[in-house]
Amino acid sequence: SKDKGNTWMQITTPNTASYWEGQFITFSPTNSSVIYAGSFRSIDGGTTWTQLSLSVNGVYLGNGDIVYSIRPGVIGGGSTISIYKSINRGSTWTSPYPEIPTSFGNVMGIAVSPTNPDKIYFGRRGIGVYIINGSATPVLKNGNNGLLKDQWGTFNFSSIAIAPNNGNVVYVGNLAIGGHDDKTIFRSTDGGTTFQSSTAIAGGARAPYPPLLMDPVATAQLYTAGRRIFRSLNNGQTWSAASQDIDPDPTTVVVALAF
């Protein structure tokens, strides 16, 4: 939509789009004419679109031409994933990072340090949070670093956000199901070395895979969602509802947020 949502143009067809296509949609942080939407890219503000060979799952804040994609690993034969990197808006890709021992479906999204294009964070369902830093061996963060398991005794982190003006501030969101529903968002102020849980999110169920969004200017403001949108004004310490339920149907939840 180019008129604040009054009218819409379809850019994918059923045989080219998948469920994951809507999970990551963003403007280039350094060129507002460039838009990434799953495996589609526009360089003219959304007038025309090109389908890329890989879906875009992350963008480097310091240079919007640098993008990333999560794909099944080559060496692991389906039991690993690779993070692919492009320095030309997804036109060509390389795989410069070590493969991670997990299946493709266990990683829901990634976040990139705002000052280091080769430092990447992502949640691995059932295990914890991995930090990739160039070609070094990836580091796993889990219960030893302040993260909590759900009621079935597993980690299910599905969303990550990093402060655009401070790469040491990292938020991760746990799968919004029982056990730790009141402490499903965790915050680190030391680049992921340690994490602390937020306080309860009041009112309304959150999405099974809750999105996380940080205000790019007022970085103390953080947003997440379920049947409604929630907002924190104090770095995730307390939360309040910022909207009513999106739909009367209790199964309707928000799966993505964007400014």
Side-chain angles (χ1 to χ4, degrees), residues 23-24 26 29 56-63 66-76 79-87 93-150 154-175 180 183-198 209-214 219 222 224 235-236:
Q23 295 295 295
F24 188 85
T26 189
V56 174
N57 301 111
V59 177
Y60 177 49
L61 184 65
N63 182 348
I66 301 177
V67 295
Y68 308 82
S69 182
I70 308 168
R71 302 303 301 165
V74 175
I75 299 174
S79 62
T80 61
I81 65 159
S82 289
I83 305 295
Y84 283 77
K85 178 182 179 183
S86 172
I87 60 173
W93 299 85
T94 61
S95 179
Y97 310 113
E99 293 189 5
I100 301 293
T102 184
S103 63
F104 179 53
N106 281 332
V107 179
M108 305 296 293
I110 65 175
V112 183
S113 165
T115 57
N116 182 352
D118 292 314
K119 188 171 185 179
I120 302 167
Y121 299 76
F122 67 87
R124 194 286 201 193
R125 290 175 58 192
I127 297 294
V129 174
Y130 273 104
I131 304 175
I132 293 175
N133 198 349
S135 60
T137 301
V139 176
L140 176 64
K141 301 298 181 178
N142 51 32
N144 295 325
N145 309 99
L147 299 172
L148 298 179
K149 296 180 179 181
D150 61 25
T154 61
F155 298 104
N156 281 294
F157 297 103
S158 57
S159 51
I160 294 185
I162 302 177
N165 60 352
N166 186 349
N168 287 323
V169 178
V170 182
Y171 293 89
V172 297
N174 205 356
L175 187 71
H180 289 293
K183 292 185 176 179
T184 50
I185 294 177
F186 299 81
R187 179 176 186 248
S188 172
T189 58
D190 52 19
T193 300
T194 59
F195 287 88
Q196 302 81 40
S197 60
S198 69
Y209 301 101
L212 276 175
L213 180 67
M214 192 179 304
T219 55
L222 191 69
T224 188
N235 300 300

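Just so it is clear, the values below take in all heavy atoms, side chains as well, and ignore hydrogens, waters and symmetry mates. Predicted, not measured: the structure shown is a model, and the values here were computed from it.
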Exercise. Say you draw a straight line from OG1 of Thr137 to CD1 of Ile132; how long is it, rounded to the nearest 0.5 Å?
Worked result: 11.0 Å

Seminar exercise, completed: Between Pro29 and Val59, the two heavy atoms sitting closest are CD-CG1, 3.5 Å

Problem set entry | Ile120 and Tyr130, any side-chain heavy atoms less than 4.5 Å apart | no

Problem set entry | Set of residues satisfying side-chain hydrogen bond (donor to acceptor under 3.5 Å, both in side chains) with respect to Ser69, sequence neighbours excluded | none

Exercise. Listed by chain and number, what are the side-chain hydrogen bond (donor to acceptor under 3.5 Å, both in side chains) partners of Asn145, not counting sequence neighbours?
Worked result: none

Problem set entry | Spacing of CD1 belonging to Ile160 relative to CZ belonging to Phe186, to within rounding of 0.5 Å | 12.5 Å

Exercise. Which distance, rounded to the nearest 0.5 Å, do you find between the CD1 of Ile70 and the OG of Ser82?
Worked result: 11.0 Å

Exercise. Hey, what do you get for CZ (Phe195) to CG (Asn142), rounding to the nearest 0.5 Å?
Worked result: 10.5 Å

Exercise. Checking Tyr68 side chain against Pro117 main chain: does a donor-acceptor pair fall under 3.5 Å?
Worked result: yes

For this session: Report the residues that fulfil side-chain hydrogen bond (donor to acceptor under 3.5 Å, both in side chains) with Tyr171, sequence neighbours left out, ordered by chain and then residue number.
Result: Arg187

Exercise. Considering all heavy atoms of both residues, which atom of Ser188 and which atom of Thr194 are nearest to each other, and what is their separation?
Worked result: OG-O, 2.8 Å

Problem set entry | Side chain to side chain, Asn133 and Val139, heavy atoms closer than 4.5 Å | no

For this session: Answer yes or no: is there a side-chain heavy-atom contact under 4.5 Å between Asn57 and Phe122?
Result: no

Exercise. With sequence neighbours left out, what residues match Thr189 under side-chain hydrogen bond (donor to acceptor under 3.5 Å, both in side chains)?
Worked result: none

Exercise. If you look at every heavy atom in Tyr60 and Ser113, which pair is closest and at what distance?
Worked result: CE1-O, 3.3 Å

Which atom pairs, donor and acceptor, lie under 3.5 Å between side-chain atoms of residues 162-169 and protein residues at least two apart or in another chain?
unit_1 : atom_1 : unit_2 : atom_2 : d
Asn166 : OD1    : Asn168 : N      : 3.0

Seminar exercise, completed: Output for pair (Ile81 CD1, Arg71 CZ), nearest 0.5 Å, gives 11.0 Å

Exercise. What is the minimum heavy-atom distance between Lys119 and Gly191, and which atoms define it?
Worked result: NZ-O, 4.2 Å

Exercise. For Lys85, which residues count as a salt bridge (charged side-chain N to carboxylate O under 4.0 Å, His left out) partner, sequence neighbours excluded?
Worked result: Asp118

Exercise. Are any non-hydrogen side-chain atoms of Leu222 and Leu212 less than 4.5 angstrom apart?
Worked result: yes

Seminar exercise, completed: The reported gap from CD1 in Ile87 to CD1 in Ile66 (rounded to nearest 0.5 angstrom) is 7.0 Å

